[in-house]
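Have a look at the structure below, then the notes.
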Amino acid sequence: MAAMDDLDRAVLCSLSPNVSEAERKQAFQYTQRITEMPDGWKLCAQKLMVSRNPPVVHFCFMVFQQVVLHRYTSLSGEERMKLKSLLVQWMASTPQHPEFNRAIKSKFAATLVQVVNVEYPNEWPSFFRDIFDVMKAGSVDEQSKAVLVEMLLLILLELDATIVCRAAHRSVTDQAHAQRVKDAMRLDCIESIVDAWYSLLVTYAQNNQEITNLVLDNISRYIYWIDLKLIANDRFVPLIFQFLTAENLRVMAARCLYGMAEKGMPAEEKLQLLANLNLRNLVVNVTTDDVEFMEELAYLVDSIGSSAVVCVRHQDAAVCKQGVRILDEMLGLLFMYMANEYDDVSQKTFNFADAYLDLLREKDSLSPNELEHVKRLFLICSQKAQFLPDFVFGQNRDDEHEFDVYRRALKHTFQKLLRTHPKLVAELMIHTANDVLSNVASKPFHLVEAVLFLLNIFPEDASEIQKQWNEYPNVLQTIIMTVLKSNVSSYNHQMVTFQYLDLVVRFATYIPID
């Protein structure tokens with residue numbers, strides 16, 4: 001008992017601002033010894049089931065994690081079973097301890113999943129059944145059920161993040177292990193988990209938005225590797241659409257729809273899915289000023305549009321025809337979201353814009369509508385390349401950095417635009433430059449700087465442009481002379497000066513000697 005009391009005091013002392021440096025150092029050394037001792041985790045196991053102090057419980061889980069990461073193979077079979085049973089038992093006890101907040105529950109989930117990562121499916125094939133048994137036995141009232149539901153959803157989120165998340169960089173060995181876990185889950189428990197998600201959405205949608213969002217978060221992550229038919233059906237889709245009208249649920253609901261649209265599948269199946277979901281009309285009819293929600297809608301537009309481009313290239317004439325129809329429907333949304341005043345929203349559409357420009361570039365000639373699309377994208381790039389009129393440089397470095405990152409991505413799209421129809425884009429660019437740089441002193445800095453920024457994107461070798469345009473003897477010389485004949489060199493703004501100097505240096509060979 002004394003050792004357990006010492007552990008309490010040491011953990012609390014190491015976190016207290018009211019102790020001396022010597023006491024804090026002594027406390028740290030004690031907790032470090034517990035962490036490093038071969039049997040230190042056993043002391044933590046005793047403490048875990050009796051402690052009501054969140055920092056102490058957090059420390060115990062941290063010790064368990066260290067054991068699993070670094071010494072798990074040295075534990076005996078009996079010791080491993082003890083640790084697994086302890087964690088399941090602690091989960092069952094959480095409804096009686098409201099003092100344990102989300103941070104503690106998340107730490108528990110991380111610890112449990114580290115064990116699962118080693119043990120499932122070979123050594124702990126009953127893991128999911130054990131967890132569902134805890135849920136069933138512990139749901140004696142609504143409050144207890146809600147606590148255990150939260151625990152289950154956190155465990156599933158942690159399992160995705162730690163083991164199977166497709167976005168994480170993993171070694172070949174870890175990828176193979178993740179595949180084994182997913183294969184085992186598909187046979188063992190996925191249908192039960194999906195049924196639980198549906199039941200929880202129906203139960204908690206009206207009275208517990210936190211749990212509802214956790215369920216939607218689960219769905220949005222798992223949808224990439226489970227059978228899509230488990231979610232894209234008459235049970236789930238109407239619910240998810242319904243949540244799009246709820247202010248606190250719509251972001252996660254949109255992520256679920258994005259996951260469906262992004263799901264890898266043959267072109268024919270993708271077109272059928274998009275037709276069934278009718279996501280284009282859904283996006284058109286949504287009105288919102290919520291930036292985070294607009295970002296998710298922009299992701300949807302990007303995904304649907306990019307999928308349509310893939311289908312247009314398909315060898316099957318029917319697939320190609322339907323892809324063209326969807327593409328035509330989505331282009332208006334591309335222009336709308338790409339031109340959005342918020343850069344984070346705009347940038348979400350760049351993949352679609354790039355894919356569409358690549359498609360146009362493959363054609364021998366562009367239709368009148370397609371030429372209008374090129375003009376529209378040029379205008380959007382011209383507008384989105386501009387700093388805000390009231391932007392104050394040096395005041396917020398983070399804002400400057402974020403806009404710089406955005407413009408680098410925009411630059412890539414503008415380069416594709418220039419290669420798609422060099423003559424038209426060069427003509428638009430020179431017209432814009434003439435308009436802005438004439439009487440340049442009267443023009444606001446954000447217009448002048450943006451024009452010079454776009455001119456600097458032009459390639460130093462303009463042979464591809466020149467082949468398509470014989471109106472001027474030299475396109476780049478026309479551009480540089482437009483700049484030199486203006487008074488932009490004396491414009492009183494540092495950013496304009498920087499862009500001007502870059503332009504003159506890059507295109508110096510096109511400046512006539514006389």
Side-chain angles (χ1 to χ4, degrees), residues 35 41 61-77 79-81 83-84 87 106-131 152-194 217-232 255-256 258-267 269-270 273 299 302-303 306-307 310 313 348 350-351 354-355 358 409 412:
T35 303
W41 70 273
F61 286 136
M62 184 188 72
V63 171
F64 297 153
Q65 285 183 300
Q66 292 298 308
V67 170
V68 177
L69 285 172
H70 303 295
R71 303 199 302 273
Y72 199 66
T73 55
S74 67
L75 300 185
S76 67
E79 289 173 325
R80 293 186 186 190
M81 183 60 69
L83 180 56
K84 290 186 290 187
L87 294 172
S106 296
K107 190 67 173 177
F108 160 77
T111 306
L112 180 63
V113 168
Q114 282 190 342
V115 176
V116 172
N117 193 26
V118 178
E119 296 268 341
Y120 184 83
N122 295 337
E123 303 301 324
W124 197 358
S126 65
F127 167 69
F128 288 101
R129 292 191 295 277
D130 294 345
I131 295 301
L152 170 67
L153 296 173
L154 291 174
I155 290 168
L156 291 173
L157 287 178
E158 186 64 34
L159 190 146
D160 172 78
T162 301
I163 304 177
V164 301
C165 177
R166 65 174 192 159
H169 178 72
R170 304 186 191 282
S171 67
V172 174
T173 300
D174 287 343
Q175 290 176 27
H177 174 64
Q179 190 60 51
R180 286 193 296 272
V181 169
K182 289 189 289 186
D183 290 344
M185 290 180 66
R186 289 185 183 105
L187 295 173
D188 175 32
C189 60
I190 281 298
E191 290 191 8
S192 297
I193 289 172
V194 171
D217 195 8
N218 269 248
I219 294 172
S220 72
R221 294 168 189 270
Y222 279 71
I223 203 167
Y224 290 101
W225 61 272
I226 66 175
D227 184 350
L228 185 60
K229 294 175 184 177
L230 294 171
I231 304 296
R255 287 180 188 172
C256 292
Y258 173 72
M260 295 183 201
E262 276 287 283
K263 182 82 170 178
M265 63 186 75
E269 294 181 22
K270 175 61 69 76
L273 172 69
Y299 264 134
D302 188 79
S303 178
S306 299
S307 296
V310 171
R313 290 193 174 99
K348 301 299 185 293
F350 285 4
N351 287 333
D354 291 350
D358 287 339
H412 178 76

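Pairing each heavy atom of Thr35 with each of Arg71, the nearest pair is O-NH1, 3.5 Å. Heavy atoms only, all atoms of each residue included: Val194 and Leu230 are closest at CG1-O, 3.7 Å. The two residues Lys182 and Val164 make their nearest non-hydrogen contact at CG-CG1, 3.5 Å. A pairwise comparison of heavy atoms in Gln65 and Ala110 identifies NE2-CB, 3.6 Å as the closest pair. Across all non-hydrogen atoms, the minimal contact from Val113 to Ile155 is CG2-O, 3.7 Å. Closest approach of Val115 and Lys84 over heavy atoms only: CG1-CG, 3.7 Å.
Side-chain contact between Val67 and Leu75 is present, with at least one heavy-atom pair separated by less than 4.5 Å. You'll find the side chain of Phe350 stays beyond 4.5 Å of the side chain of Asp302, heavy atoms only. Using a 4.5 Å heavy-atom cutoff, the side chains of Leu112 and Ile131 are in contact. Counting heavy atoms from C-beta outward, Leu157 and Arg221 have side chains that approach closer than 4.5 Å.
When the shell of 6.0 Å around OH of Tyr299 is examined, it contains 12 or fewer heavy atoms from other residues, nucleotides or ligands.
Under the 3.5 Å distance criterion, with hydrogens and angles disregarded, a donor-acceptor pair is assigned to the side chains of Asp188 and Tyr120. Between the side chains of Tyr72 and Glu119, at least one donor N or O sits under 3.5 Å from an acceptor N or O.
The backbone N or O of Asn117 sits less than 3.5 Å from a side-chain atom of His177, completing a donor-acceptor pair. Tyr222 places a side-chain N or O within donor-acceptor distance of the main-chain N or O of Leu156, the cut-off being under 3.5 Å. Between the side chain of Ser307 and the backbone N or O of Ser303 there is at least one donor-acceptor pair closer than 3.5 Å. Of the possible donor and acceptor atoms, one in the side chain of Arg186 sits under 3.5 Å from a partner among the backbone N and O of Trp225. For Glu79 (side chain) and Ser76 (main-chain N/O), a donor-acceptor pair under 3.5 Å exists by modelled atom type. The backbone N or O of Arg170 sits less than 3.5 Å from a side-chain atom of Gln175, completing a donor-acceptor pair. Of the possible polar contacts, one joining the Lys263 side chain to the Tyr224 backbone as a donor-acceptor pair under 3.5 Å is found.
Going from atom CG of Asn351 over to atom OG of Ser306 covers 5.5 Å, rounded to the nearest 0.5 Å. With rounding to the nearest 0.5 Å, the separation of CD1 in Ile219 from SG in Cys256 is 5.0 Å. In this structure, the separation between CE on Met260 and CD1 on Ile223 is 4.0 Å, given to the nearest 0.5 Å.
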Working for side-chain contact (heavy atoms from CB on, under 4.5 Å), residues Val118 and Glu123: CA-CA 8 Å; Val118 178; Glu123 303 301 324; over 6 Å; no
Glu191 and Asp227: CA distance, side-chain angles, deciding distance, side-chain contact (heavy atoms from CB on, under 4.5 Å) verdict: CA-CA 9 Å; Glu191 290 191 8; Asp227 184 350; over 6 Å; no
Evaluation steps, side-chain contact (heavy atoms from CB on, under 4.5 Å), between Glu158 and Thr111: CA-CA 9 Å; Glu158 186 64 34; Thr111 306; over 6 Å; no
Chi angles and distances behind the side-chain contact (heavy atoms from CB on, under 4.5 Å) call for Leu159, Met185: CA-CA 11 Å; Leu159 190 146; Met185 290 180 66; 3.8 Å; yes
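Classified by interplanar angle (parallel below 30°, tilted 30° to 60°, perpendicular above 60°), the ring pair Trp41/Phe64 is perpendicular.
In this structure, Asp183 does not pair ionically with Arg180, as no charged nitrogen and carboxylate oxygen lie closer than 4.0 Å.
The side-chain tip of Lys107 does not point at the ring of Phe61 from less than 6.0 angstrom away and within 45° of straight on.
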